[in-house]
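Just below is one structure, and these are the notes that go with it.
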Amino acid sequence: MSKSITVLVPVFNEAGNISPLYKHITAVFSELGGEYQCKLLFIDDGSTDISLKQINLLMEGDPNVRCIQLSRNFGKEAALSAGITETDSDAVILIDADLQHPPAVIKDFITEWQRGADVVIGVRKKNPDEGLIRRIGSKVFSYIMQKISDVPTVSGATDFRLLDRTVVEEFKHFTEHGRITRGLIDWLGFTRAYVYFNAQKRHSGETRYGYRKLIALGFSAVISHSMLPLRIAGYLGFFITVFAGGLGLFILVEQIILGDPMVLEIPATAMLAVMTLFLNGILLVSIGLTSVYIAKIHHETLNRPLFVIRKKQSHTTSSRNT
Ligand code: UDP
Ligand code: MG
């Protein structure tokens with residue numbers, strides 16, 4: 001029996017892109033020669049244009065096309081999650097509707113999947129729609145995420161991915177809200193492969209992710225995948241306390257106990273400043289400590305699984321037969 005693959009497309013006002021995207025994707029699968037059963041799942045994320053009409057037209061002509069209509073615009077992350085929870089194919093491919101993710105790359109995804117990768121990640125080499133500021137912003141964000149994230153990430157990694165069924169099943173267990181789909185997929189681990197591609201220009205329409213939305217998304221990604229921001233106050237406090245403590249001790253010994261043998265004549269205001277600095281340091285350390293507890297609460301409320309099992313083996317089970 002041929003394996004089934006669901007191509008998942010989040011759609012928010014993409015009327016001009018749906019038909020060309022469908023043509024490209026079906027062309028890719030027919031090139032693969034019916035080896036895989038391709039299903040298309042559109043998630044209409046509250047479109048206000050004729051996107052839904054376009055999808056309906058496709059559904060009339062092709063029983064492999066399905067659509068889930070969200071009640072309003074929930075954003076791409078929620079749309080992707082909605083789609084992933086609705087699939088039961090052997091693999092799921094996430095792809096943007098605007099043809100920025102070239103469907104031809106799907107072939108490479110499938111090759112890597114068949115070689116044993118559970119997650120195949122599309123890594124963008126260049127993005128023609130990206131101006132200088134966006135490019136720098138995206139580089140800086142990637143760098144920060146790589147440094148502070150609990151799991152390793154690759155610079156330029158996109159949402160354009162293939163997920164094996166095992167990964168999809170694990171993904172369905174996430175309950176957290178402010179989610180970044182690709183961050184959660186990274187968190188899950190599993191065997192990964194990377195496919196590099198040149199991003200294309202948006203086929204029709206405009207991006208919905210302005211700077212404000214991107215910054216908010218970046219902030220949310222940092223907050224939900226790293227505890228570092230919470231610890232910063234603590235680290236800062238520690239340095240200030242040590243520095244002011246050392247200085248204070250020096251003043252105490254040199255000025256008060258030994259009677260200023262180095263003739264520094266440190267004024268009383270300076271001593272007061274050192275004392276204030278020291279107390280501020282203690283205060284920041286306390287905030288840092290409180291933050292550690294808040295981090296723990298934050299962690300618990302995310303309610304992520306404690307661990308994720310890739311597969312269970314014993315001498316009776318054969319190796320994975322994909
Ligand atoms: N999208 C969505 N909901 C939104 C915004 C975007 O489902 O609220 C979809 C959009 O239709 C497209 C994909 O997410 O398929 C990427 O959106 P866009 O091209 O605007 O983002 P960019 O490529 O600039 O990151
Ligand atoms: Mg786009």
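Whatever order the structure lists ligands and atoms in, that order sets their numbers, starting from 1.
Taking the salt bridge (charged side-chain N to carboxylate O under 4.0 Å, His left out) definition, one finds that E254 meets it with nothing, sequence neighbours left out. Residues meeting the salt bridge (charged side-chain N to carboxylate O under 4.0 Å, His left out) test with R231, sequence neighbours left out: none.
Remark: the N13 side chain and the T48 side chain contain an N/O donor-acceptor pair separated by less than 3.5 Å. Residues Y22 and D62 bring a donor and an acceptor atom of their side chains to less than 3.5 Å of each other.
Closer than 4.0 angstrom to ligand 1 sit non-hydrogen atoms from P10, V11, F12, E14, D45, N73, G75, K76, D96, A97, D98, Q100, R202, T207, R208, Y209.
Residue pairs that meet the salt bridge (charged side-chain N to carboxylate O under 4.0 Å, His left out) test with at least one member in residues 71-86, sequence neighbours left out, are K76-D96, K76-D159.
Ring geometry, H101 versus F197: the interplanar angle exceeds 60°, so the pair is classed perpendicular (tilted spans 30 to 60°). Using bins of under 30°, 30° to 60° and over 60° for the plane-to-plane angle, the ring pair Y36/W113 lands in the tilted bin.
The nearest N/O/S atom of D98 to the Mg ion (ligand 2) is OD2.
The Mg ion (ligand 2) lies at 2.8 Å or more from every N, O or S atom belonging to T207.
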